[in-house]
There are 2 protein chains.
Amino acid sequence: MIETRLDAVKLDGAGPVYDQIRRAIRDLVVSGEWPPGTGVPPEHALMEQLGASRMTVHRALVQLAREGLIVRRRRSGTIVASPPASHAMLDILSIPEEVEQLGQVYAYDVLSRSDGRPAPEVVERFGLKRSDKVAHLVVLHRADGMPHVLEERVIHAATVPGLAEEDFAETPPGDWLLKHSLWSQAEHAISAIGAGAEEADLLSIAIGEPCLLVERRTWNQSKPVTAVRLLYPGSRHRFVGRFGPYGQV
Amino acid sequence: MIETRLDAVKLDGAGPVYDQIRRAIRDLVVSGEWPPGTGVPPEHALMEQLGASRMTVHRALVQLAREGLIVRRRRSGTIVASPPASHAMLDILSIPEEVEQLGQVYAYDVLSRSDGRPAPEVVERFGLKRSDKVAHLVVLHRADGMPHVLEERVIHAATVPGLAEEDFAETPPGDWLLKHSLWSQAEHAISAIGAGAEEADLLSIAIGEPCLLVERRTWNQSKPVTAVRLLYPGSRHRFVGRFGPYGQV
DNA sequence: AAGTGGTCTAGACCACGTC
DNA sequence: ACGTGGTCTAGACCACTTT
C-alpha cells in the first residue's frame, strides 16, 4: 500500500464541509497526486486533521466511493480505486477483453505507423491542427483469426510521454494508452458508413457493406491525448444497453 | 398537491433502516401508487411513523432525490418527481423534439397500421410470441419535409390501455406512449445495416446505403410494452456522447 | 412567523475482515 | 483481538421559502 499523505487534504471553506472534504480528496485523485492504490487516511484521522465529526467525514467518503473514485473495506481501510475499465454502453473498452469475452482468441497486427506531422487527410479526418505532432497508427484486430475491427488512431506525442519508444509489439495502442496516459474527458460519436475499398479489403467484406463507425477523442485537462476511429463490420456487431427510467439497471 | 398517505410507507425489516425506507418509498413511486406530484410526508412525520431518527429518514430521502424519484424543496416539502424525459446518450427520446432541436420543422405520416395477431415476419423481427396481440405501425418522420427516420413499432395491447381507440393522428406513437404507459425497463441495441428496397424508397436513399438501426424494447414489471426499430440514414446521423472517467460530464 | 429541508455534532453499537 | 467502516440516535442550528 502506498503511504498516505494526510496533510495533503486541504479545505477551501466554500460550501458544506462534507463537500469541501469530498472535493479535496477528489482533486488529489483526479490530479494523479494520489494514484490508484494510495491509502486514503481512515475516518478518525481525517476527523482530527480537519476538525469535523466522523459523520461528516464519512458522508464525503461514502459519496466518493459511490462515484467510484475510492474503494472502502472494513479493517483494511480505504484506497484510491483504479479507473473503471468500462463505462456504460460506449466505453473506453479494451478490444482484447471485448474479444475474449466473446470466447474468441485475440490477435492484432499493426499495419502501419508514422510519427511526426500528420498527412493532410489525417489532419482532416481527426480534426487535428497541422502543427500537432502525433503517431498515426492503423491496427487490425482479429477474433479467432477473422478481422474483428479496424482501428485508425492518432496519439499526441506532446501529452503522452514514452510514445516514441513504444513499438506496440506486445500491447495494442488502445490498451497501452490505458496504462500510460490519463484522460479527464472523452467524446464518442457513432454512425453508420459503407466500407471503402481499402477498409473492405482489410476487413474481408464487400465494398460499401454497412459498418458501425465509433469515433472517440480523449483529452486530459483540455490537452488532446488520442483520437480513434473504430470500424466494425455491421453485420457482426451490435452495441446493447439496458436501463430503467431512473438509470442504468 | 395530491394528498399524502403516510401509512402506505411500510418497512420490511431487511437490511439497514435507511434502505428499507428508501425502498418502501421507491416502490410506492414506481408502482404508480404515488403518481408524480404526490406529496411525500415531511421528515418529522416519517420519523414518528417509522420510529427512526431524522438523520436516517433524511438519508433515505436524499438518496431518492439523487436518483431523481422525488424533488425536495425547503418549506414547500417533497413531492414525487415527473419521470425524466430523456436519458443519457441513447434515450427514450421524442423524435419531434429531436427534430425541433435541430431547428427543423417536424412532420410525420402513419404509413400503415394493423391490429391483432402479428404477421410471422413481424413476430420474428421483434421477438414476439405468436399469441401476442399488438398494434403494428410503420411511421415515417420528416424534418423540413425530408425523410428523417423510419419507425416500425409494435405496441402490446394487453399492457397499454386505450390503444385501440387511439389513431395517432395528433401525436406519433412514441410520444403518445410516453404519456399513456409506464415502463420500468428498457433495452437498446444499435447496429449498422444496409437499407432494403422498401426502406430505401421510403427514406429516399439508395438500396444498401448504410443506416443506423436503433432497436428498443421496453417492459413494465416484466410485461412487454412496446418494441421499435428506428432506421436512420447513416450519412445524416451521428449519436454523440461526452463523459469523464468517472461518469457523464 | 413558521414549516420545511440542509448540515453538523458527539457519541454509541455493530459488522466485517485481518491479524 | 483489534481496527476499520456501517449504521443510528437525539439533539442543535441554519437556510430557504411561503404565508
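By convention in this document, chain letters (A, B, ...) are assigned in the order of the sequence lines, proteins followed by strands, and residues within each chain are numbered from 1.
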Separation of [N] [atom2] from [X] [atom1] (nearest whole Å):
X	N	atom1	atom2	result
A:I79	C:dT18	CD1	C1'	15 Å
B:L50	D:dC8	CG	C1'	14 Å
A:R72	D:dT7	CZ	C1'	13 Å
B:R22	D:dC8	CZ	P	13 Å
B:R59	C:dG6	CZ	P	15 Å
A:I70	D:dG5	CD1	C1'	11 Å
B:M47	D:dA10	CE	P	8 Å
B:M55	D:dG11	CE	C1'	11 Å

- Note on the structure: The nucleotide from D:dT19, C:dG11, D:dT4 with an atom nearest the side chain of A:P42 is D:dT4
- Could you work out which one of C:dC19, D:dC8, C:dT7 sits closest to the side chain of B:V17? D:dC8
- Task: Drop me the distance from A:L50's CG to A:T56's OG1, to the nearest 0.5 angstrom.
- Result: 10.5 Å
Please check the phosphate of [N] (OP1 and OP2 only) for any side-chain N or O of [X] closer than 4.0 Å.
X	N	answer
B:S53	D:dG11	no
A:R75	C:dC16	no
A:R74	C:dA15	no
A:T78	D:dG5	yes
A:Y18	C:dT7	yes

- Message: Salt bridge or not between A:E67 and A:R22? Use side-chain N to carboxylate O under 4.0 Å.
- Response: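 Salt bridge: yes.
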- For A:P16 and for B:E43, locate the closest nucleotide of DNA chain C by heavy-atom distance; then report the residue assigned to the nucleotide nearer the 5' terminus. B:E43
- Return the 5'-most residue of the pair A:V57, B:H44 with respect to DNA chain C, ranking by each residue's nearest nucleotide.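 Counting from the 5' end, the first nearest nucleotide belongs to B:H44.
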- Task: Select base, sugar-phosphate, or nothing to describe what A:G15 touches, counting heavy atoms under 4.0 Å on all strands.
- Result: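 Here A:G15 touches no strand at all.
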- Within the structure shown, what part of the strands sits under 4.0 Å from B:H58 by heavy-atom distance: base, sugar-phosphate, or nothing? base
- Task: Please say which of A:R59, A:R72, A:R23, A:R26 ends up in a side chain to side chain contact (heavy atoms under 4.5 Å, CB included) with A:L64.
- Result: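 When A:R59, A:R72, A:R23, A:R26 are each tested with A:L64, the side chain to side chain contact (heavy atoms under 4.5 Å, CB included) holds only for A:R26.
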- Message: Looking at A:R73 and D:dG3, is any side-chain donor or acceptor paired with a base atom of the opposite kind under 3.5 Å?
- Response: no
- Message: With hydrogens left out and only the distance checked, is there a donor-acceptor pair under 3.5 Å joining A:R54's side chain and the base of C:dA10?
- Response: no
- Item | A:Q20 side chain near A:Y18 side chain, heavy-atom distance below 4.5 Å |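 Not touching, per the 4.5 Å side-chain cut-off.
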- Can B:V154 and B:L128 be said to form a side-chain contact (heavy atoms from CB on, under 4.5 Å), step by step? CA-CA 9 Å; B:V154 291; B:L128 305 177; 4.1 Å; yes
- Task: Identify the two heavy atoms, one from B:I95 and one from B:E151, that lie closest to each other, and give their separation to 0.1 Å.
- Result: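 Where B:I95 meets B:E151 most closely, the heavy atoms are CD1-OE1, 4.3 Å.
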